[in-house]
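Here, residue 1 is the first one in the sequence, and each next residue gets the next number. Counting starts at 1 for both ligands and their atoms, in listed order.
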Amino acid sequence: RLAAQRIQACVRPSDTVARLGGDEFTVLLDDVSHASVATAVAERIIDALASPFTIKGAEVFTGTSIGIAMSSDQLRDPHALLQAADIAMYQAKSSGRSRYALFDPALSVEVQQRLELETALRHATERDELRLHYQPIVDLQSGAIVGVEALVRWRHPEHGLLSPATFVPVAEESGAILEIGRWVLRRACEDVGRWQRKHPDAAALVLCVNLSARQFQSPGLVDELSQILRETGFAADRLKLEITESVAMHDAETTIVTLHALRELGVQLAIDDFGTGYSSLAYLRRFPINTVKIDRSFVSNVTSDPNDAAITAAIIAMAQRLHLRVVAEGIEMREQWAFLRAHQCLEGQGYLFSPPLAADDLVALLEQGGCIVPHVARAPDLTVA
Ligand code: C2E
Ligand code: MG
Ligand code: MG
């Protein structure tokens, strides 16, 4: 409110100041003869918001990034105008604190596409555009489904079902991943909790959820997770959080502290994409984890590349000595499956068993007895933009 008052003091009574949501304000200047009028107002607003606010006796500082779009014959539509201002604002933001930027139609198409993706992504959760698919994790001896991995997809209004590889990095950079991550955790706990209550056989299912780097490092993670567990009633020991090896190793000492805090909640922990980061094996012993997931890149080559076969066998053996479970990722061929079984890898996932499935299809599978007979690899469920 204080910010709104200050912004209002910078414009004429005939102009409009609106709050579109969160910490975003929009100013509509009527009758502007030249862009310099708009930039002068932007400078005034930046100055006005630069002095601290006094809240309960404490001084609070804030930065301001402003994007400016001028209406023109090409930019008539109000939505397009707002989007152009938004793109300019992101440009301002990325050039440092307290800046303004004018929308530049000549901005490279690639940058624009990325910014549009970023903008659209910020609305994806509120517009209910995210979907979760679930890939079964099976017992490699019996084919019984022992768990599922929740994998997020984005049903983009124009581009269709987008792979997380397309948008998770963008969300990670913009910070939207925190909201997406919360949504994923909550929705996955709700879905799987419902199946567990309905199908007694599913009660033992372990739900695996991926955490992004930013999510794992966010100070609110433990509180948020415990709130989600409380509100959904999901059994903590049935939830397994996956962090990639490179995220875990980024600041290994802090990782240990965070992992212990998560373990206190009773959840299980897995190192994802194992073998692709730079693990110091000493840390593997110090991380309070339950599971390592062997990265697909090794599994793909176990029958063709003796080095990858040796590494895979060594990871399995090492994990067993450390009393960790091992899950092999990306099993596509019978020969890979046979290799893994021969080396006592107990669990795995991959197209040979099942691609990630929409919730209804997974429920149907559970209702048929929850056992999967391997078949020839099926195509993935989505397109990469
Ligand atoms: P990941 O956690 O290693 O997930 C496994 C990926 O391998 C999934 O890709 C899955 O569809 C794919 N996959 C499974 N079986 C096979 C197979 O037999 N062959 C091949 N070629 N691929 C297979 P997806 O769903 O595209 O996800 C990619 C990555 O995006 C995930 O890798 C994970 O790191 C990230 N991700 C997915 N969902 C989330 C999420 O909710 N939050 C965060 N932070 N990251 C997520
Ligand atoms: Mg994973
Ligand atoms: Mg993985």
Side-chain angles (χ1 to χ4, degrees), residues 121 124-125 130-138 140 147-154 161-189 191 206-218 221 225 228 239-248 268-277 289 291-302 315 326-337 340 347-358 362 372 374-385:
L121 196 50
T125 36
L130 297 180
R131 298 287 177 272
L132 281 186
H133 283 190
Y134 294 92
Q135 184 173 39
I137 297 171
V138 301
L140 291 182
V148 291
E149 177 171 7
L151 294 158
V152 70
R153 278 93 184 81
W154 177 16
L161 206 58
L162 294 186
S163 134
T166 312
F167 67 88
V168 165
V170 178
E172 181 80 14
E173 200 168 290
S174 74
I177 193 68
L178 292 178
E179 199 187 339
I180 294 175
R182 276 193 292 273
W183 179 88
V184 168
L185 262 171
R186 181 176 295 272
R187 171 57 66 86
C189 287
D191 280 353
V206 172
L207 163 63
C208 301
V209 176
N210 296 285
L211 292 188
S212 82
R214 198 138 162 183
Q215 225 183 337
F216 183 67
Q217 288 147 8
S218 84
L221 174 66
L225 179 62
I228 289 171
L239 178 63
K240 191 183 281 186
L241 300 177
E242 300 188 356
I243 57 164
T244 64
E245 185 185 18
S246 43
V247 168
Q268 303 185 48
L269 300 167
I271 299 289
D272 203 352
D273 302 347
F274 189 78
T276 57
I289 53 171
T291 302
V292 293
K293 298 187 77 169
I294 307 177
D295 190 66
R296 187 174 74 218
S297 57
F298 299 107
V299 175
S300 320
N301 296 329
V302 285
I315 294 174
V326 192
V327 178
E329 297 185 302
I331 308 170
E332 294 182 349
M333 298 189 312
R334 287 177 175 276
E335 297 73 21
Q336 297 161 353
W337 176 39
L340 292 162
E347 293 174 14
Q349 63 191 97
Y351 299 156
L352 178 65
F353 298 94
S354 167
L357 300 171
L362 188 86
I372 299 182
H375 41 70
V376 185
R378 268 200 269 167
D381 58 335
L382 39 74
T383 46
V384 179

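Near Q135, meaning under 4.0 Å from any of its heavy atoms, are these atoms of ligand 1: 14 (C), 15 (N). Every atom of ligand 1 is numbered from 1 in the order shown, and the set under 4.0 Å from a heavy atom of P356 is 11 (O). Residue-ligand proximity, L211 to ligand 1, at heavy-atom distances under 4.0 Å covers atoms 44 (N). Those atoms of ligand 1 that come under 4.0 Å of a heavy atom in D273, given as number and element, are 3 (O).
Residue S212 touches ligand 1 through backbone and side chain together, judged by heavy-atom distances below 4.0 Å. The proximity of Q349 to ligand 1, defined as any non-hydrogen pair under 4.0 Å, does not occur for either the backbone or the side chain. The part of D272 lying near ligand 1 is the side chain, judged by heavy-atom distances below 4.0 Å. Under 4.0 angstrom from ligand 1, the non-hydrogen atoms of V184 all belong to its side chain. No part of T244 comes within 4.0 Å of ligand 1, judged by heavy-atom distances.
The minimum heavy-atom distance linking D273 with T276 is given by the pair O-OG1, 2.7 Å. The two residues Y134 and P136 have their closest heavy-atom pair at O-CD, 3.7 Å. Across all their heavy atoms, I177 and S212 have their closest contact at CG1-OG, 3.4 Å.
When the options P164, A213, P136 are ranked by their closest heavy atom to atom 35 (C) of ligand 1, first place goes to P164. The heavy atom nearest to atom 20 (C) of ligand 1, considering only E332, Q215, M333, is found in E332. Selection from R296, H133, E329 by nearest heavy atom to atom 12 (C) of ligand 1 gives R296.
The distance from atom CD1 of I331 to atom CD of Q349, rounded to the nearest 0.5 Å, is 8.0 Å. One finds the CD atom of E332 at 7.0 Å from the CZ atom of R296 (value rounded to the nearest 0.5 Å). Rounded to the nearest 0.5 Å, atoms CG (D191) and CZ (R186) are 12.5 Å apart. Taken to the nearest 0.5 Å, the CG atom of L225 stands 8.0 Å off from the CG atom of L211.
At least one N/O-N/O distance between E149 and ligand 1 falls below 3.5 Å. Residue contacts with ligand 1: V152 is placed with a nitrogen or oxygen under 3.5 Å of a nitrogen or oxygen of the ligand (distance criterion only).
The closest donor-acceptor contact from the side chain of Q336 to the backbone of V302 lies at 3.5 Å or more, if one exists at all.
Side-chain atoms of Q215 and N210 form no donor-acceptor pair, as typed in the model, at a separation below 3.5 Å.
The atom of E149 that is an N, O or S and sits closest to the Mg ion (ligand 2) is OE2.
For the Mg ion (ligand 2), the N/O/S atoms of D273 include none lying under 2.8 Å. Among the backbone and side-chain atoms of E329, an N, O or S atom lies under 2.8 Å from the Mg ion (ligand 3). The nearest N, O or S atom of D272 is closer to the Mg ion (ligand 2) than 2.8 Å. Under 2.8 Å from the Mg ion (ligand 2) lies no N/O/S atom of T244, from backbone or side chain alike.
Distances shorter than 4.0 angstrom occur between a heavy atom of R153 and an atom of ligand 1.
Using a 4.5 Å cut-off on side-chain heavy atoms (C-beta onward), L130 and W154 make contact. Residues S163 and R153 fail the side-chain proximity criterion, which asks for heavy atoms closer than 4.5 Å. The shortest distance between side-chain heavy atoms of I180 and L121 falls below 4.5 Å. Side-chain contact check for E329 versus D295: some heavy-atom pair is nearer than 4.5 Å.
Geometry at the Mg ion (ligand 2): OE1/E242 and OD1/N210 form an angle of 90°, nearest 10 degrees.
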